[in-house]
Number of protein chains: 2
Amino acid sequence: MEATSGKIALPGPPRTRADRLREDLAEEILSGRIGPGVRLDEQGLADRYGVSRTPVREALRQLAATGLVEARPHKGVIVTTPSQKALAESFELMAELEAACAALAARRMTAAQRRGLLRIHGRMRSLSEAGDPEDYAALNLDFHDTIWQGCGNATLAQMTADVRRRVGPFRRLQFRLSGRLQRSWEEHDAVVRAIEQGDPAAARLAMQGHLGLVGDASADLVRSKAQGGMVG
Amino acid sequence: MEATSGKIALPGPPRTRADRLREDLAEEILSGRIGPGVRLDEQGLADRYGVSRTPVREALRQLAATGLVEARPHKGVIVTTPSQKALAESFELMAELEAACAALAARRMTAAQRRGLLRIHGRMRSLSEAGDPEDYAALNLDFHDTIWQGCGNATLAQMTADVRRRVGPFRRLQFRLSGRLQRSWEEHDAVVRAIEQGDPAAARLAMQGHLGLVGDASADLVRSKAQGGMVG
DNA sequence: CAGATCAATATTGTCTGTCTATATTGTATG
DNA sequence: CATACAATATAGACAGACAATATTGATCTG
């Protein structure tokens, strides 16, 4: 998967330096190596990467357009530090998008895609029983990716993937992993069953339930309480 | 509403020339004055706007990041011409987002927001009966905007507004207006009633029905048939 | 000594000019 | 007539400089 725009699979490697720079920076930010709030100095980056300021500026503008960094005139760009509120909103948005994918997937997934989903789902069962959070998390991405692809709407799939990527670095702060694998697998199971039965509504609800946002008050709570913070 | 990023309300006017240029160009594209497929010459734009190539390039990069234009290395940027498939996908995405907004609004709208919605809804009834598509369309935006704001999730609201704005120039190509006002108002009425009753599921379904994507085969059709075309 | 005012500084925004790389076009040649 | 190659135009990138502005630090005043 490509770094910045999140395009699923591009033919050749990108050509311009600005593109490469943008992807490098995006990767460093999303992996946490650069970290929120850090200021990105134009000349410094130019020196570090051995290019002039021109491609650096273009890369930064593109990153700013994706929301990964924040640029204010004459003050430079900094890696965005989402507020608690903004994070909660993004999680909720992600849940809605994933749920929409699941609902559409229940109607449109091809037989091959369903087989693939079942295969992944089966492997995850073993990992959940064995208690292997590492590999489980890796396959988890495949699981969701299969559903995204199965929704038959590349635009929606792309947007869902993008949102998930953006909140990715902050997921660990909100989820406790240990012991949750079995629970997670059971929630996945509900999604898989709904898709198998071709029941969009059930698939939507199951996915929303999996992402922990069915009727819960957490989002509403954050919404009413947390006001301040930075942009996201 | 601001032009490019779609931010709802900014305090001061933007400062850098690149920002202004980006907004001007976005406005010209969204209003249809520039039109899909048109090539945007850097030097030409620089001359036209009395600036150097630098801010022009940055503006174009930002527009490319939003998907309004498409930039390929050494070939210049052109206004994106979404394929039929991409358009259908965007409409479906918009419907899902609007439906999510409606569902959340049913749970979270404040009393004041509900009053505002009812007020707009009432005025639209008169316009629909009078057969005034012009004013009806104008108020229609307010109607949906009220629901976006009422969902209590600014991130979701922003994304919904952005998607709607992007497909805006193409809506007229797919919708026939005359005689549809009454039907539209009735669909709105279903949404309003669901929100009034605080029924998220009903609100979601009503909104999906309003946007013409409940169980219909149009999207699936386009998906299976239309393959070619340009990016979107 | 605390606080405010203003100058020095650093960084971004922009310009100009130049050079290079690549896509396109046109021409010549087999 | 088709292909290969050269000419051209434009985008990508570089370099240096200046302007605009935010930040910082020093100075001055109460």
Side-chain angles (χ1 to χ4, degrees), chain A residues 2-5 10-26 29 34 37-81 230-231, chain B residues 2-5 10-26 29 34 37-81 230-231:
Chain A
E2 188 232 355
T4 295
S5 69
L10 279 178
R15 328 199 75 79
T16 77
R17 299 176 195 223
D19 282 339
R20 277 192 289 269
L21 232 167
R22 185 198 63 212
E23 297 184 10
D24 284 358
L25 287 175
I29 291 171
I34 288 197
V38 174
R39 186 146 169 286
L40 297 175
D41 174 55
E42 291 185 0
Q43 191 61 55
L45 288 174
D47 295 343
R48 236 184 89 197
Y49 286 88
V51 297
S52 75
R53 269 177 68 200
T54 308
V56 171
R57 286 181 63 81
E58 294 194 357
L60 291 179
R61 299 303 145 179
Q62 294 180 55
L63 288 177
T66 72
L68 261 182
V69 304
E70 201 172 344
R72 279 175 306 185
H74 295 284
K75 290 183 58 175
V77 312
I78 59 176
V79 179
T80 57
T81 309
M230 314 109 198
V231 194
Chain B
E2 187 233 356
T4 295
S5 69
L10 279 178
R15 326 198 80 77
T16 75
R17 297 169 200 237
D19 281 339
R20 277 193 289 269
L21 233 167
R22 185 199 62 211
E23 297 184 8
D24 283 359
L25 287 175
I29 291 171
I34 289 197
V38 174
R39 187 147 168 286
L40 298 176
D41 173 54
E42 290 185 1
Q43 191 61 54
L45 288 174
D47 296 343
R48 235 183 91 195
Y49 285 88
V51 297
S52 77
R53 270 177 65 199
T54 309
V56 172
R57 285 179 62 81
E58 295 193 357
L60 291 179
R61 297 305 144 181
Q62 294 181 54
L63 288 177
T66 72
L68 262 181
V69 303
E70 200 173 344
R72 280 175 304 186
H74 295 284
K75 288 183 60 175
V77 312
I78 59 176
V79 180
T80 58
T81 308
M230 313 108 199
V231 193

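Each chain gets a letter, A, B and so on, in the order its sequence line appears, and its residues count up from 1.
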**OP:** Taking heavy atoms of chain A and a 4.0 Å limit, find me the 5'-most and 3'-most nucleotide of DNA chain C within that range.
**Re:**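 Going 5' to 3' along DNA chain C, contacts run C:dT11 to C:dT14.
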
Below 3.5 Å between N/O atoms, which protein atoms pair up with nucleotides 9-11 of chain D? Just atom names and distances, please.
residue: D:dT10; atom: O3'; partner: B:Arg39; partner atom: NH2; Å: 3.2
residue: D:dA11; atom: OP1; partner: B:Arg39; partner atom: NH2; Å: 3.3
residue: D:dA11; atom: OP1; partner: B:Asp41; partner atom: OD1; Å: 3.3
residue: D:dA11; atom: O3'; partner: B:His74; partner atom: N; Å: 3.4

Original post:
Under the side chain to side chain contact (heavy atoms under 4.5 Å, CB included) test, which residues partner B:Ala65, sequence neighbours left out?
Top reply: A:Ala65

Original post:
Are any non-hydrogen side-chain atoms of A:Leu25 and A:Leu60 less than 4.5 angstrom apart?
Top reply: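 Yes. Closest side-chain heavy atoms under 4.5 Å.
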
Subject >> B:Asp19 vs B:Gln62 side-chain heavy atoms within contact, under 4.5 Å >> reply: yes

Subject >> side chain to side chain donor-acceptor pair (under 3.5 Å) partners of A:Asp41, counting only residues at least two apart >> reply: none

Subject >> side chain to side chain donor-acceptor pair (under 3.5 Å) partners of A:Arg48, counting only residues at least two apart >> reply: A:Glu28

Original post:
Under the salt bridge (charged side-chain N to carboxylate O under 4.0 Å, His left out) test, which residues partner A:Arg53, sequence neighbours left out?
Top reply: A:Glu42

**OP:** Kindly determine whether A:Arg20 and A:Arg17 satisfy side-chain contact (heavy atoms from CB on, under 4.5 Å), including the steps that lead there.
**Re:** CA-CA 5 Å; A:Arg20 277 192 289 269; A:Arg17 299 176 195 223; 3.9 Å; yes

